[in-house]
Amino acid sequence: MDKNKVEKLVNNALEENSSLFLVDLTIGAENKISVTIDGDNGVPLKECIRVSRFVEGDLDREEEDYSIEVATPDIAKPIVMKRQYVKNIGRIVSVVTAEEKYEGTLAEVNEDNIVLTWEAREPKPVGKGKVTVAKTATLTYNEIKETKVKILFS
């Protein structure tokens with residue numbers, strides 16, 4: 001199975017809906033095609049079906065037997081693309097770098113970095129007790145090892 005051909009077919013299917021984008025494409029044993037797509041506003045099930053059918057329409061099962069699965073990213077999987085960061089602005093994320101681990105609200109996404117904000121309790125500068133202070137961290141994509149969206153249950 002030609003991965004480049006399949007990727008081209010997936011990208012052609014995604015052109016019909018500009019809010020969708022390809023996150024991952026793998027072809028495993030026995031030509032099992034696994035496509036992960038995401039969207040700026042989520043991905044309706046009908047879009048996964050549409051992309052699957054589009055790809056199936058241009059592949060010949062007589063030539064090569066295959067199976068195809070089109071899915072959205074698992075919530076437990078890390079963010080892997082800048083466009084996924086943009087989609088998650090305002091959400092609480094956990095970010096791991098080589099030196100430190102951060103948890104805060106994804107406040108801003110730029111071409112070169114992301115900005116996290118959070119509140120922390122710190123000792124007062126004078127006297128006893130603690131005070132709540134606003135914290136900010138600007139992290140470049142190069143220093144980020146992993147970013148995951150935190151799932152909050154209320």
Can you list, by chain and residue number, the hydrophobic cluster partners of Phe153 when the side-chain cut-off is 4.5 Å?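 Reading the cluster by chain and number, Phe153 sits alongside Ile75, Ile151.
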
Val126: hydrophobic cluster co-members (side-chain, 4.5 Å): none

Could you report the tightest heavy-atom contact between Ile37 and Pro73, atom names first, then the distance? O-CD, 3.2 Å

Which atom pair, heavy atoms only, marks the closest approach of Ser94 to Lys101?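 The answer is OG-CE, 3.2 Å.
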
Evaluate the side-chain proximity of [Y] to [X]: yes if any heavy-atom separation is below 4.5 Å, no if none is.
{"X": "Val93", "Y": "Leu116", "result": "yes"}
{"X": "Arg91", "Y": "Leu106", "result": "no"}
{"X": "Pro78", "Y": "Lys145", "result": "no"}
{"X": "Ile92", "Y": "Glu103", "result": "yes"}
{"X": "Leu14", "Y": "Val51", "result": "yes"}
{"X": "Leu20", "Y": "Asp38", "result": "no"}
{"X": "Leu59", "Y": "Leu9", "result": "yes"}
{"X": "Leu22", "Y": "Glu7", "result": "yes"}

Can you tell me how far apart [atom1] ([X]) and [atom2] ([Y]) are? Round to the nearest 0.5 Å.
{"X": "Arg61", "Y": "Ser67", "atom1": "CZ", "atom2": "OG", "value": "7.5 Å"}
{"X": "Asn88", "Y": "Ile79", "atom1": "CG", "atom2": "CD1", "value": "4.5 Å"}
{"X": "Asn41", "Y": "Lys87", "atom1": "CG", "atom2": "NZ", "value": "8.5 Å"}
{"X": "Ile27", "Y": "Asp2", "atom1": "CD1", "atom2": "CG", "value": "7.5 Å"}

In this structure, would [X] and [Y] fall into the same cluster of hydrophobic residues linked by side-chain contacts under 4.5 Å?
{"X": "Ile68", "Y": "Val43", "value": "yes"}
{"X": "Ile144", "Y": "Met81", "value": "no"}
{"X": "Val96", "Y": "Trp118", "value": "no"}
{"X": "Tyr102", "Y": "Val149", "value": "yes"}

For the pair [X] (side chain) and [Y] (backbone), establish whether a donor and an acceptor sit closer than 3.5 Å, ignoring hydrogens and angles.
{"X": "Lys3", "Y": "Leu25", "answer": "yes"}
{"X": "Glu64", "Y": "Met1", "answer": "yes"}
{"X": "Glu63", "Y": "Asp60", "answer": "no"}
{"X": "Asn110", "Y": "Asp112", "answer": "no"}
{"X": "Asp24", "Y": "Thr36", "answer": "no"}

Carefully, step by step, assess Val23 and Gln84 under the rule side chain to side chain contact (heavy atoms under 4.5 Å, CB included). CA-CA 9 Å; Val23 174; Gln84 288 178 296; 4.0 Å; yes

Thinking salt bridges, do Glu122 and Lys135 make one under a 4.0 Å N-O criterion?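 Answer for the salt bridge query: yes.
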
Is the closest side-chain donor-acceptor distance between Glu143 and Thr140 under 3.5 Å? yes

With a cut-off of 6.0 Å (strictly less than), are more than 12 heavy atoms of other residues, nucleotides or ligands near CD of Glu30? no

Would Lys32 and Glu69 count as a side chain to side chain contact (heavy atoms under 4.5 Å, CB included) if you check the C-alpha gap in whole Å, the side-chain angles of each, and the deciding distance to 0.1 Å? CA-CA 8 Å; Lys32 181 179 189 306; Glu69 174 185 88; 4.0 Å; yes

Please list all pairs passing the ring pair (Phe, Tyr, Trp, His ring centres under 6.0 Å) test where one or both residues lie in residues 1-50, with sequence neighbours left out. none

Name all pairs fulfilling the ring pair (Phe, Tyr, Trp, His ring centres under 6.0 Å) condition that reach into residues 61-90, sequence neighbours left out, sorted by first residue then second.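 Those involving residues 61-90 are Tyr85-Tyr141.
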
Identify, with sequence neighbours excluded, every residue that meets side-chain contact (heavy atoms from CB on, under 4.5 Å) alongside Ile49. Leu45, Arg53

According to the salt bridge (Lys or Arg N to Asp or Glu O under 4.0 Å) rule, which pairs have a member within residues 77-86, sequence neighbours left out?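 Every salt bridge (Lys or Arg N to Asp or Glu O under 4.0 Å) pair that includes a residue of residues 77-86, provided the two are not neighbours, is Asp40-Arg83, Lys82-Glu111.
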
Give the intermediate values and the outcome of side chain to side chain contact (heavy atoms under 4.5 Å, CB included) for residues Val95 and Ile114. CA-CA 10 Å; Val95 180; Ile114 64 169; 4.2 Å; yes

Which is it for Asn17 and Arg50 under the side chain to side chain contact (heavy atoms under 4.5 Å, CB included) test, yes or no, and what are the steps along the way? CA-CA 11 Å; Asn17 185 339; Arg50 184 185 63 77; 4.0 Å; yes

